[in-house]
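Heavy-atom basis, side chains included; hydrogens, waters and symmetry copies ignored.
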Amino acid sequence: MTVEPKLYQVDTFAVGNRLLDPAQRSEQARADRSNAITSGHRACQGCGEVLGARYVLDAAMRATGGNMVAANATGCLEVFSTPYPETSWQLPWLHSLFGNAPAVASGMAAALRAQGRSDTRVVAQAGDGGTVDIGFGCLSGMFERNDDVLFVCYDNEGYMNTGVQRSGATPPAARTANTKALGPEPGNAFGQGKFVPLIAMAHEIPYVATATVADLRDLEAKVETAMGMSGARYLHVLVPCPLGWGSASEDTIKVARLARETGIFPVFEAERGRITAVSKIRRWQPVEEYLRIQRRYAHLFGEPRRDDIVARIQAQADHNIDRFGLLDDDPGYEQDQE
Amino acid sequence: MEKPFAITLDVGSSKANKTGSWRTERPVYVDLLPPCSNACPAGEDVRSWLYDAEEGGAGYERAWRTIMEDNPFPAIMGRVCYHPCETACNRGQLDEAVGINSVERFLGDEALREGWSVSVDAPSTGKKVLVVGAGPSGLSAAYHLARRGHAVTILEAGPMAGGMMRFGIPAYRLPREVLDAEVQRILDLGVRLELDAKVTDLDATMAEGGYDAAFLSVGAQVGRRAYIPAGSAAHVLDAVSMLHGLAEGERPLLGRRVAVYGGGNTALDAARTARRLGASEAVVVYRRTRDRMPAHESEVREAEDEGVLFRWLTTIKQVEGGAMTVERMELDDTGFPQPTGEVDELAADSLVLALGQDTDLSLLDAMPDVAVDDGVVQVDGTLMTGRPGVFAGGDMVPGERSVTVGVGHGRHAAEQIDAWLAGRAPRVPADRAVAPYDGLNTWYFADAPRTHRPTLETVRRQSTFDEVVQGLDEDNALYEARRCMSCGTCFQCDNCFGVCPDNAVLKIGRPGEPYLIDLDYCKGCGLCASECPSGAIAMEPEEI
Amino acid sequence: MPVRSQIEGSQAVARAVARCRPQVVAAYPISPQTHIVESLADLVRTGELDPCEYLMVESELGAMSACIGSSAMGSRTYTATASQGLLFMAEALFNASGLGLPIVMTVANRAIGAPINIWNDHSDSMSMRDSGWVQLFASSNQEAVDLHVQAFRLAERLSLPVMVCMDGFVLTHAVEQVDVPEQDEVDAFLPPFTPRQQLDPAQPVSIGAMVGPEAFTEVKYLMHARQMQALDEIPRIAADFEAAFGRPAGGLVRPYRTDDAETVVVALGSQVGTIEVVVDQLRDEGHPVGLLDVTCFRPWPRDEVRRALAGAANVVVLEKAFAVGAGGIVGQNTRLALAGTPTVVHDVVAGLGGRPVTAAAVRGLLDDVLAGRVDPHRLHFLGLRTDLVDGQLRRDAASVPGPHAESMLREAGVIGSGSH
Ligand SMILES: Cc1cc2nc3c(=O)[nH]c(=O)nc-3n(C[C@H](O)[C@H](O)[C@H](O)COP(=O)(O)OP(=O)(O)OC[C@H]3O[C@@H](n4cnc5c(N)ncnc54)[C@H](O)[C@@H]3O)c2cc1C
Ligand SMILES: Cc1ncc(C[n+]2csc(CCOP(=O)(O)OP(=O)(O)O)c2C)c(N)n1
Ligand code: SF4
Ligand SMILES: [Mg+2]
């Protein structure tokens, strides 16, 4: 979203920009943003998930004029936000179970429709476990019925709340509490896992997008786009977890940025099953830059170094770059094979 | 609503949980010295005025006024300064240095176009200060002294003010109307300028005029001459005299082929001037290699563009009418040129010596307490000579010789003279850490290669004294200003406010204090510091 | 005037539910509940039930979860399931009750596999007896219809979920005369839903907090207290219902000829009709026998049960489920109610997986009880086919010998040799 020909110093990379028209600044730059999740929560220092949630919900609150409700799956986000007697939420919010947030949201949307209150919008949110694993059936049902719900997955690539176990979104080679760096193939196995955004696209729902906490403006724009549509919408946000990934608390955004810049995590948008936009890599980096700053990959750089595994991860990133057309000189994302 | 016990909670109630107690480090907003300012001999607050300029519109005048606090010559500076700021600029490590100098010129020109002026706001001190020499250093001192309420008189030996800015730097680099306008602005403050008033005995002049203090800035006017055997038909002259004469309207007779001996900027100016005066061939003869030339790379490039030729590793042994004998040199291990004995002939109608300048210090003959060493006046850290109340700066004191250094000395001396006159202790500038490149998070800065200033087409440059380097238009100047990364100081990008997972950065928007850390909730994760584009937040250990 | 018509139980219930004007129905098909939800889908499609959103969810967990969302959003919400489906929503059942959401659900009672079996018994509801839901058991289709109307009022009055249990096939698929209340009658009886708590952008709250040891007990205690309040509310609603509709229905327990009865059968669901016939026979023959039909199993109406059974010497609990490895479920609750009295309680399991509970079998059982041939210390299985279990038990006793194996062998022999 670079504005030509004038340069705006930080353009839209930074949260705010005094040189931009206030209307063009991010929601997070506003002193009156809703802070849908407020101070006093118990998320770890530098938690990407709580940051992602505030980014998403504040944008959604802005888009709906505050006329919205949220359903939340069990997981860190829920646990750190609502331990009795305190809640950090500042919007109508319901936590039911780990695996049912999409269905709870469907019920909310149905209730609103029945009450003739379709202007009140529903957002559901869950971690990757609650989305790609245990909640997947409900999610697919919600998609397939095209219920009027924006579902947001905060992907920290593991079951963090229960002590960092593997999920269907844990990347290969990453160590978790149940895929330790033991044996000849340390960490999570290759050839497993799923990328739910593509599965969501297969439902041909109105809108699917991926984003990271490192690209605030992009994330906000996607929330706004999503809230401007009705039907089932899916937003998959990469949210580094300092605890689970073994990254420094101050590196949360950097790690997310590297995930995108290496091609490890493709950032794109799709409508009705077709990719409509891809965020290009701005400063390409080899995956090692990304892996090195996370202790969950430390076993790749110890004695002996596992360059073979790093190379396999690099190959996956290269595959993404190729498949989604993440580099500027790429012709574009993989076209539909029709 | 009847809320079920414990299951249903009132929104926002977690504010009762002060997570600040988790913290072991706290973020602190710092204000580091940006490398540009650190490198600026005139001590300009570059980052600040770029910040103002970034806004465009009304910001330009604010930016210009910020420059004027330190340097009265933005339009001149924007042309002749060797801009060490740009060499130091952190952006140079990212793509290319910010074109600080060109923005300064834009602002300086804008001021001249708009007729912006400054005024003396301080009450009169009743003190009289003498400034000797109306070069950049003397003018700068006069300006700053006047703005502090002192009555200033400049005594200038020459027929016009400007010093080497007028009699050295050729017009194609510094148009005289620019010089005149910026000098006039100083005189408009009430500074008295006496021309053709060479000071020959400082003691006497001071006593006569009843001056309370003096600033000496007589520069280095005397061209150095090396002994080179020369035949009677040989035409040898020195560069400063030549340029001086030219500035006074003389047209030196140089012939078709001109050799210039030396490797500094003066040599290049002499060669480029020779081309403009009709020399079909202007050769710069230098003892060492190109990379060892003291002249600035940009000037070498411009000279080459204009057809100036270079003979590296060459010394001149003998000059005759129409030709000279040169010897090829070789650099030894220490990089020093050594003769090889290989000689050659070089056709030249005249030889211009550009081997540096010396200072005429005869006005101090009667003041033995003013120490002179190696041809220059010795000063202390406050620029005061051995004689209390007599200060000196510019080319006549040890150190680098440039307009900018001279201006900086003038300002520094003015501050010290002001303190000395008031009986105050001299001001010791606060020690500010320099903002390192590593402290920046350059991700946030838009990809923006530098805008280069357009140059005059070569044909015109070979024949006229029209200004070679043009200014930036407004769009480009704005663009260039906005390339500044605000090293080490907040520029209100809201990143800290946005990236805090605990909403512990408060946006209060008070001038000078745009944000506040809410220590009740800050967990000390450090995200604000690491995502601060300008490295303006430091994490400091919490005392537990 | 209500029209009495010949109607399938499922259709009747669907109509009654529709007249309760649920705003959201989310359901997933499973026999024998299917006819109810299909019928509701029709009513929504035709616009007879409007406004109502019918969600065809992907699972029972989805169904109950959608109900949770809908109810929390302030809509009257209904679902129906059975058997495996009820277990599939188990987690959400506890959640709905924990959050105090007034959802009404029909359970078309069916056995639970393995082995998979689609026929009626009470194992499904009984497995969820501690889920925090009110459980009402219908003895007939008329009562099933009437209990649904009462269930919405109860649920919304106390803000807790209510399960109306009706025997699969036996009731759901039986076509009989049923009075389906008219819309205006229901409207007069059932006020519009005013949620106790609700997700509302104008008044935001966080529902579903995590509660630690410091308050969890209290939260659970309050859940219990609310169920206890239902013991007061259910009879009131039943009385109101009778006043409005002119027929008795609901309540906590329904004693049948228990006055001066020395032997009382305790039972839930449709089998009470059969038992009533046997009771009448025995009474005619001069035996002081009665029946206690337990309509409300959760909350457990301990005092009412105790009062109804006070004078009996023998109580026979005839139930369509049991706690494997332990014994009767309703029986245990009955013993609890009778604690400190000399009444002897017999646990008899009957009608599992659709096996008919015939009048003859009940008669045979009661004859044995009256004759003192039924050991109250054992768990009895009405009509157990010992020929089918004997061989297996023998092999088991041989491979894993011990006194318990011996005793099972003996018991099977005893039961097998008896008439029940
Ligand atoms: C050809 C040439 C090109 C240059 N180009 C650049 C450039 O591009 N950028 C840059 O930064 N620097 C440049 N310089 C250097 C720069 O001009 C000088 O360093 C600077 O002018 C020094 O300033 P000053 O005030 O100390 O002395 P000067 O500029 O030399 O001024 C001294 C003044 O004192 C007067 N004076 C001398 N003696 C007496 C006396 N006894 N009584 C009264 N008045 C007296 C002189 O007439 C003169 O006006 C150049 C120099 C030359 C020679
Ligand atoms: C049915 C069920 N199974 C397991 C759990 C335990 N559990 C709670 S949160 C969680 C993991 C959450 O992972 P994810 O959804 O990725 O969220 P995160 O905590 O990583 O943000 C698990 C396994 C549960 N609460 N419910
Ligand atoms: S474990 Fe990870 S996701 Fe959970 S609160 Fe900590 S940083 Fe956030
Ligand atoms: Mg997770």
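- Here Ala14(A) is the residue among Ser26(A), Ala14(A), Ala53(A) with the most heavy-atom pairs under 4.5 Å with chain B.
- Chosen from Leu19(A), Asp251(A), Asp58(A), Val50(A), the residue pairing most often with chain B at heavy-atom distances under 4.5 Å is Leu19(A).
- Of the atoms belonging to Leu216(A), not a single heavy atom falls under 4.5 Å from chain B.
- Looking at Leu94(A), there are no atoms closer than 4.5 Å to chain B (heavy atoms on both sides), in backbone or side chain.
- Nearest heavy atoms, Arg283(A) versus Asp447(B): NH2-OD1, 4.1 Å.
- With rounding to the nearest 0.5 angstrom, the CG atom of Asn17(A) is 9.0 Å from the CD atom of Glu54(B).
- A donor-acceptor contact shorter than 3.5 Å is absent between the side chain of Asp502(B) and the backbone of Ser39(A).
- A donor-acceptor contact shorter than 3.5 Å is absent between the side chain of Lys507(B) and the backbone of Arg30(A).
- Between Glu250(A) and Leu527(B) the shortest heavy-atom distance is O-CD2, 3.4 Å.
- Both the backbone and the side chain of Thr442(B) have a heavy atom closer than 4.5 Å to some heavy atom of chain A.
- Counting heavy atoms from C-beta outward, Lys523(B) and His41(A) have side chains that approach closer than 4.5 Å.
- Of all non-hydrogen atoms in Gly46(A) and Pro501(B), the two that sit nearest each other are CA-CG, 4.1 Å.
- Looking at Arg18(A), both its backbone and its side chain come within 4.5 Å of chain B, counting heavy atoms on both sides.
- Of the residues considered (Thr19(B), Val11(B), Ile7(B), Asn503(B)), Asn503(B) shows the highest number of contacts with chain A, using heavy-atom pairs under 4.5 Å.
- Side chain of Arg282(A) to main chain of Trp443(B): a donor-acceptor pair is present (N/O by atom type, distance under 3.5 Å, no hydrogens or angles).
- Only the backbone of Cys500(B) comes within less than 4.5 Å of a heavy atom in chain A; its side chain stays farther off.
- Tyr515(B) does not touch chain A: none of its heavy atoms, backbone or side chain, sits under 4.5 Å away.
- Around CD of Glu289(A), the count of heavy atoms belonging to other residues, nucleotides or ligands within 6.0 Å exceeds 12.
- Contact annotation for Ala529(B): neither backbone nor side-chain heavy atoms come within less than 4.5 Å of a heavy atom of chain A.
- Contacts of Tyr444(B) with chain A are made by both backbone and side-chain atoms, with heavy-atom separations under 4.5 Å.
- Looking at Lys15(B), the atoms closer than 4.5 Å to chain A (heavy atoms on both sides) sit in the backbone and in the side chain alike.
- Scanning all heavy atoms of the two residues, the minimum distance from Gln45(A) to Trp22(B) falls at NE2-O, 3.7 Å.
- Within the 4.5 Å cutoff, side-chain heavy atoms of Glu531(B) are placed close to those of Lys254(A).
- Proximity to chain A involves both the backbone and the side chain of Leu9(B), based on heavy atoms less than 4.5 angstrom apart.
- If you measure heavy-atom distances from Ser14(B) to chain A, the contacts under 4.5 Å come from both the backbone and the side chain.
- Annotation for Ala446(B) and Phe13(A): closest pair CA-CE1, 3.8 Å, computed over non-hydrogen atoms.
- Of the possible donor and acceptor atoms, one in the side chain of Arg54(A) sits under 3.5 Å from a partner among the backbone N and O of Gly498(B).
- Only the side chain of Glu261(A) comes within less than 4.5 Å of a heavy atom of chain B; its backbone N, CA, C and O stay farther away.
- Between the side chain of Gln28(A) and the main chain of Val499(B), no donor-acceptor pair closer than 3.5 Å is present.
- Asp520(B) places no side-chain N or O within donor-acceptor distance of the main-chain N or O of Gly40(A), the cut-off being under 3.5 Å.
- Between chain A and the options Cys493(B), Ser530(B), Cys484(B), heavy-atom pairs under 4.5 Å are most frequent for Cys493(B).
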